[in-house]
Trainee: 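Take this structure, written in structure tokens, and hold onto it; I'll ask about it next.
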Amino acid sequence: MVVITHDDESKIETRNLNVYFGTNHAIKDISLKMQNKRITSIIGPSGCGKSTFLRALNRMHDIIPAAKVTGAILLDGENIYEDGTDVVDLRRRVGMVFQKPNPFPKSIFDNVAYGPRIHGIRDRYELERIVEDSLKKAALWEEVSDRLETSAMDLSGGQQQRLCIARTLAVKPEVILFDEPCSALDPISTAKIEDLMRSLRAEYTIVIVTHNMQQAARISDYTAFFLLGELIEFGKTAKIFERPCEKATENYITGRFG
Amino acid sequence: MNEKIKENIYFTIFRFCSFLSLVILLFFLLFVIKLGVGVLDLNFITGMWQTQDITKGGILPAIVGTFYLGLGVAVFSVPVGISCAIYLNEYAKNTGLVRVIRLTIRNLAGVPSIVYGLFGFAVFVQLLQFGTSLLAAALTLAAMTIPWVITASEEALKTVPDGFREGALALGATKWQVIRTNVLPAALPGMITGSIIGLARAMGETAPIIIVGATFYMRGLPDSLFDKFMALPYHVFILATQHNDPLAEEYAAGTALVLVILIFLMTLIAMIVRYNFRKKRKW
Ligand SMILES: Nc1ncnc2c1ncn2[C@@H]1O[C@H](COP(=O)(O)OP(=O)(O)OP(=O)(O)O)[C@@H](O)[C@H]1O
Ligand SMILES: [Mg+2]
């Protein structure tokens, strides 16, 4: 198991976070600290608010008219829901990989270069360097290096997901949010993405939503268990999986959840 | 068993209706061709109109007039319509005001064209002093076409998967960057197709342009936006109803045939755009 060497230093932290969709209270008063350069996994049954929680972290709810968020989320100690927050810059710092791979209908190169380009990098040589670097980090370079100009839509699902990860890495975020990144993938692609996350852990703070208990146990340092919009239990992954304090957590982990 | 019979009855009705519409269309086309094809020759297409002897002249000024009109309508209606659709679909929250705007657009699309003609006459011809002119007519038809372009463009925007938007926003793109680089390229072919069809419809209109500037006879081609102009549908109208030359009806059909071919070509272009796009797109 991973040994935590540095002291608890939170990179992103929610304080009394509530999210409502109209009258549906989807996230109920969740306060959670996600440690710097560690992997935090969020588990819980379908509909318990995992995606909703994740999307609050980079303010993706801003584009949903019905959504209302209260409470605070601190990124390096600063509340990202404060008036005057630069949401565009926030989303560059807090990247997101979606459950369903969503490559743009462009070439592989243009997909990865998309972020750097919108942030003003024009130099072809620089872009080539970033694209190669990101694709290598996402363990996709060897499969696509000879066809960077072909459409990203022609890649397999697993390759598309790694492309989306490369695309996120290319803007050099500090935090990466993964929403069930492997749910559409086969075991081999899943293993590749897990390896990838382990290697990313040195540089990035990672939050991952997963339905796969083994996956959470294998890769994460901390685990949070959600139920019906509430945070039931949070702690070191080993502790949560071996000696959970709450009955509900134990039931869920052991699959005895009704 | 019972359900089987019902199914057969319904499908027979549906099939009959679709054949019926095809038959009507074919009958109409044959009628126009039979009546008008005799007058079609190079001189008819490229010659200037002669009122004294209608067999001598051609309908070039009407073709050019209709073409200019179409161009003007495109210039005025497509940018406005597409911009409006982008605003409604990408920016606007679902507030009361926006709902009113949407309702208005839907209703405007159903206003009879003659009403647009009156509107154009009051606003463009008189109030803005453009006179009965190509400009006033293009603006009038553009006003009529804008709701159409908006609706078609909104439909096209709705087909763009949300993943294209969310994915780009999550990389720190601004809304406008997302629209420019991800949404518009995906929606543009659909917008163009819809706009061309709307344009074709406008070019076939007769009633509004009678009021705002079409004329039956011009010495030359219009050479300014403030000139009067000839147009194919109006030309057909006059020949068919107001002309006492015994050959007028035949020439009306010939002109109508040219108009139908023109509209058909535009629809064909729209179909080709759509087909190529469908073939290329992969989502
Ligand atoms: N855009 C939305 N509009 C309205 N309600 C929403 C929206 N997104 C989520 N919800 C509601 O919020 C609650 C939590 O949904 P959420 O998607 O966060 O669950 P989840 O834990 O991610 O589930 P899953 O494991 O199935 O992905 C649900 O009741 C859902 O109906
Ligand atoms: Mg989810």
Side-chain angles (χ1 to χ4, degrees), chain A residues 51 54-55 57-66 86-106 110-120 134 150-155 160-161 163-173 175-179, chain B residues 85-103 154-193 273-283:
Chain A
S51 299
L54 210 60
R55 292 166 61 93
L57 300 179
N58 66 345
R59 289 188 58 168
M60 285 306 270
H61 291 310
D62 287 18
I63 56 173
I64 299 172
D86 182 348
V87 182
V88 165
D89 187 56
L90 166 72
R91 298 209 185 108
R92 191 193 54 72
R93 293 175 63 194
V94 183
M96 181 163 217
V97 176
F98 296 81
Q99 174 166 357
K100 213 171 123 225
N102 58 352
F104 305 143
K106 303 175 189 294
D110 288 344
N111 262 274
V112 184
Y114 185 89
R117 276 191 178 128
I118 58 171
H119 293 114
S134 308
T150 61
S151 169
M153 308 308 256
D154 293 336
L155 296 173
Q160 287 187 355
Q161 193 61 301
L163 179 71
C164 292
I165 295 174
R167 193 173 72 186
T168 302
L169 296 177
V171 296
K172 306 204 164 39
V175 180
I176 307 180
L177 312 171
F178 289 91
D179 193 351
Chain B
I86 290 175
Y87 173 74
L88 287 176
N89 203 60
E90 306 292 321
Y91 283 99
K93 305 236 162 66
N94 197 17
T95 59
L97 177 67
V98 170
R99 276 199 290 273
V100 170
I101 294 180
R102 266 181 221 271
L103 195 71
E154 263 207 284
E155 290 308 314
L157 287 170
K158 290 211 173 80
T159 63
V160 179
D162 271 335
F164 292 2
R165 297 185 180 88
E166 289 193 336
L169 285 174
L171 294 170
T174 62
K175 241 179 176 176
W176 171 238
Q177 283 173 324
V178 175
I179 291 169
R180 189 169 49 81
T181 59
N182 263 11
V183 178
L184 272 186
L188 213 52
M191 293 176 160
I192 292 172
T193 314
V273 171
R274 185 171 7 205
Y275 174 77
N276 277 329
F277 177 61
R278 288 258 164 85
K279 213 174 51 179
K280 260 197 295 185
R281 105 174 165 183
K282 290 178 178 126
W283 69 84

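Quick note on labels: first sequence line is chain A, next is B, and so on, each numbered from 1. All of these numbers come straight from a predicted model, not from anything done at the bench. Values below: all heavy atoms of this structure, side chains included; hydrogens, waters and symmetry mates excluded.
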Trainee: Could you report the tightest heavy-atom contact between B:Phe164 and A:Phe104, atom names first, then the distance?
Mentor: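 Looking at all heavy atoms of both residues, the closest pair is O-CE2, 3.5 Å.
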
Trainee: Work out which heavy atom in A:Tyr114 is nearest to a heavy atom in B:Gln177; give both atom names and the distance.
Mentor: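 Closest approach of A:Tyr114 to B:Gln177, heavy atoms only: OH-O, 3.8 Å.
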
Trainee: Shortest non-hydrogen contact from A:Ile63 to B:Leu169?
Mentor: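 Where A:Ile63 meets B:Leu169 most closely, the heavy atoms are CG2-CD1, 3.7 Å.
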
Trainee: Could you report the tightest heavy-atom contact between B:Glu166 and A:Arg55, atom names first, then the distance?
Mentor: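 So the minimum-distance heavy-atom pair works out to OE2-NH2, 3.0 Å.
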
Trainee: Take atom OH in B:Tyr275; do more than 12 heavy atoms of anything else shown fall under 6.0 Å from it?
Mentor: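 No, the 6.0 Å shell around OH holds no more than 12 heavy atoms from other groups.
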
Trainee: Quick one: closest heavy-atom pair of A:Val171 and B:Leu171, and the distance?
Mentor: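 So the minimum-distance heavy-atom pair works out to CG1-O, 4.0 Å.
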
Trainee: Output the distance between atom OG1 (B:Thr181) and atom NZ (A:Lys106), rounded to the nearest 0.5 Å.
Mentor: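 B:Thr181 atom OG1 to A:Lys106 atom NZ measures 5.0 Å (nearest 0.5 Å).
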
Trainee: Is there a donor-acceptor pair closer than 3.5 Å between any side-chain N or O of A:His119 and the backbone N or O of B:Ala173?
Mentor: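 No, A:His119 side chain to B:Ala173 backbone: no donor-acceptor pair under 3.5 Å.
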
Trainee: Under 4.5 Å heavy-atom distance to chain B, tell me which part of A:Val94 shows up: side chain, backbone, both or neither.
Mentor: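 A:Val94 touches chain B through backbone heavy atoms alone.
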
Trainee: What's the shortest heavy-atom distance between A:Phe98 and B:Gly167, and which atoms?
Mentor: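 Here A:Phe98 and B:Gly167 meet closest at CE1-CA, 3.9 Å.
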
Trainee: Can you tell me which residue pairs pass the salt bridge (Lys or Arg N to Asp or Glu O under 4.0 Å) test with a partner in residues 94-104 of chain A, sequence neighbours excluded?
Mentor: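 Residue pairs with at least one partner in residues 94-104 of chain A: there are none.
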
Trainee: Using heavy-atom distances under 4.5 Å, tell me whether A:Pro101 contacts chain B through its side chain, its backbone, both, or neither.
Mentor: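 Looking at A:Pro101, nothing touches chain B.
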
Trainee: Restricting to pairs with a member in residues 89-98 of chain A, which pass side chain to side chain donor-acceptor pair (under 3.5 Å), not counting sequence neighbours?
Mentor: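 Found A:Asp76-A:Arg93, A:Asp89-A:Arg92, A:Arg93-A:Glu174.
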
Trainee: From B:Arg180 CZ over to A:Ile118 CD1, what is the distance, rounded to the nearest 0.5 angstrom?
Mentor: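 Output value for this atom pair is 9.5 Å.
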
